[in-house]
Amino acid sequence: MEYKKLKDQQEDDLDATGDDVESRREKAHSSAGINPLGAVGGSLADRSKWKTKSIVTLALTFLTSSQAILIVWSKRAGKYEYSVTTANFLVETLKCFLSLAALSRIWNREGVTEDNRLRTTFDEVKVYPIPAALYLVKNLLQYYIFAYVDAPGYQILKNFNIISTGILYRIILKRELSEIQWAAFILLCAGCTTAQLNSNSDRVLETPVQGWIMALVMALLSGFAGVYTEAIIKKRPSRNINVQNFWLYIFGMIFNIFAIFVQDFSAVLNKGFFHGYSLITVLMIFNHALSGIAVSMVMKYADNIVKVYSTSVAMLLTAIVSVFLFGFHLSLAFFLGSVVVSVSVYLHSVGKARRIGFSTRVSSSRRSNKYRLPFAPFTGVNHHGQPVLFGCAFIANELHASFVLLFWTWLTAMSGRPPVSVTTDCDTVVGAAIAEVFPNTRHRFCKWHIFKKCQEKLSQVFLEHPTFEADLHKCVNFSESIEEFESYWLAPIERYGLTENEWLQTVYSARGHWVPAYLRDTFFAEMSITRRSDGMNSYFDGYINASTGLNHFFKLYRKAVECRNEKEVIADFDTMNIPLVRRTPSPMENKPLSFT
């Protein structure tokens, strides 16, 4: 099952709705008179996730910007007096220790669970040596490349990482980037290079062949190791990141011990393990350890693309600091490059946001909610037909002002991007709030609930005319056009003498909101035209029920979200690795297969 693309003309409508979201939401808040909701998902969960992503990204940017400077500072007379392999071993050891310290705090606070225990299986741990070996070679080259280039030149050559990461991101993870995002990647590479240009930049072209080879190999190793690590970490999203880091760093320590024996064993044996170490060397080791942990966090909560943009911004910061430390002069090229990088970041975010639209369902009625909680989840269906959660909230009442505030809060959490369509029960209060907050969103009533109401309102009619229900379903579900529905509708109504029935007149007047023939021009996450959309309504099944209290709700809520996320990752993995079987010899099946 695939995501359906939006029509081009819908983009302009979506842009207009995002303007001044916050001020209009405050207006809705004041009209409510009280604070009628407490956000559980939506704004709270998304804001927390965004905060975590921002913190780790900023940390990675700061640490990366100081990394090259500390490496250069650690040299004396242009050479390393300490053993590079022992420094790398201490980096891996420190990262392993920090991961264990974080796990110890989690164990004391939450106890040992299936997701945070160190005990693992061979199938899980066998993949960690691969990125550990790649990072080992990359880290070793990172020291020796400075024998051929200076710090600014190193940052220029390091821009090969940008292109290699984008290509490997597409090949290994099979994640598509839009044309705008690829253009942004090229601009990012050009901007980073331009920002480093000065009167002596032509010397970069005079870099020895060894320097170019090291730069290209480091770019490929960094890109492949990063993308492969992201695939490992996200294959089991509920697994604690510190456990995954621990096993990754354990193999890093093993590979670095091997490197010490092969490369520096005699020097370490004669001069000592810590020979040549200084305060700068210790700071460099701490910097590398924290940078490695920050990279893993970015992989967990963001992706390799965010890491690329973070390290690119770090390049600019390195150049600024180099002004004071190494006499590096900022030029017009630096400011032009900074502008190009900023434009690249903007284009990438825009290209990502406008690729796919989404449809959502809002279940907010306490009268029909089987959980008997004043709970309003915003749910949808992903490309595997699985339920997904866009946000949720508790509401104190079902007044118009409460729903308006609910929708504005959710819209703010969605960065001002309203859904293409929204499906709700047939409720005039909810409908009025949707029309006010989402004026350009197509509002649909749940057809399953309308038929359920028909059974209640027309029970006597169904008893007197047993064939009427089948005729009604056929009229609604199998009409291919509006004209066909109109003709099919009139025939049974007149045949059974129901032209004056008040309930049928009511649902007929709202036919544009629930009859499929009127809604074919809009994207809805619908899997069946005859059954209830269980995928949308069963997101919390198995976790929350009628007896769930607020004291247990939040813990069960988190478990449900983690479980759904893990199922989606597993489905993605199966889609990429299990070949689909063609059901017919028709060549038309080839095209859908290429989009899975």
Side-chain angles (χ1 to χ4, degrees), residues 1-6 40-42 45-46 49 114-115 173-176 230-239 300-303 352 355-364 369-371 375-393 410 413-414 417 419-425 444 446-449 522-545 548 553 555-581 583 592-596:
M1 183 176 182
E2 304 165 0
Y3 283 121
K4 297 182 180 179
K5 300 296 186 294
L6 293 177
V40 177
D46 290 346
K49 184 178 180 180
E114 183 70 22
D115 291 327
L173 296 181
K174 298 184 179 179
R175 306 278 180 85
E176 291 189 7
E230 181 182 347
I232 294 173
I233 291 175
K234 290 185 174 178
K235 183 178 180 180
R236 185 178 174 183
S238 62
R239 189 68 154 147
K300 183 75 171 182
Y301 299 106
D303 52 40
K352 184 176 181 179
R355 287 176 63 201
I356 296 176
F358 65 98
S359 175
T360 186
R361 173 181 172 81
V362 183
S363 300
S364 57
N369 194 307
K370 73 174 184 178
Y371 308 130
F375 184 53
F378 293 76
T379 57
V381 175
N382 66 9
H383 51 302
H384 299 295
Q386 300 170 335
V388 291
L389 185 68
F390 297 125
C392 51
W410 181 72
M414 299 295 289
R417 298 284 296 181
V420 177
S421 60
V422 60
T423 302
T424 68
D425 297 343
R444 180 182 66 166
C446 178
K447 179 159 54 68
W448 184 89
H449 282 89
T522 305
F523 165 60
F524 291 97
E526 185 80 82
M527 293 183 292
S528 172
I529 64 171
T530 58
R531 296 183 293 116
R532 184 181 184 181
S533 300
D534 292 327
M536 285 186 169
N537 291 278
S538 60
Y539 189 90
F540 294 101
D541 276 0
Y543 296 92
I544 301 173
N545 52 47
T548 302
F553 173 83
K555 184 176 181 179
L556 295 173
Y557 165 87
R558 182 168 54 186
K559 286 186 176 180
V561 173
E562 291 176 352
C563 177
R564 294 296 182 182
N565 291 341
E566 185 167 354
K567 288 182 178 180
E568 180 172 353
V569 171
I570 293 173
D572 283 336
F573 180 82
D574 292 342
T575 299
M576 291 185 292
N577 294 278
I578 299 177
L580 297 181
V581 180
R583 300 297 181 183
L593 286 173
S594 66
F595 283 91
T596 54

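Side chains included, hydrogens not; waters and symmetry mates left out as well; all remaining heavy atoms used. Everything numeric in this text was worked out from a predicted model, so none of it was measured.
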Passing candidate, side chain to side chain contact (heavy atoms under 4.5 Å, CB included) with F573, options N577, I570, T575: N577

Could you check T423, T424, D425 and say which one makes a side chain to side chain contact (heavy atoms under 4.5 Å, CB included) with H449? D425

Supply the atom-to-atom distance [X] [atom1] to [Y] [atom2], rounded to the nearest 0.5 angstrom.
{"X": "Y557", "Y": "E562", "atom1": "OH", "atom2": "CD", "value": "11.0 Å"}
{"X": "D115", "Y": "K559", "atom1": "CG", "atom2": "NZ", "value": "9.5 Å"}
{"X": "R564", "Y": "L389", "atom1": "CZ", "atom2": "CG", "value": "10.0 Å"}

For A560, enumerate each residue passing the side-chain contact (heavy atoms from CB on, under 4.5 Å) test, keeping only those at least two apart in sequence or located in another chain. F540, Y543

Of all heavy-atom pairs linking R239 and E114, the shortest is NH1-O, 3.2 Å

Closest non-hydrogen contact found for C392 with P377 is CB-CA, 3.7 Å

W410 (side chain) donor-acceptor with A393 (main chain) under 3.5 angstrom: no

Backbone N or O of Q386 within a donor-acceptor pair of the N382 side chain at under 3.5 Å? yes

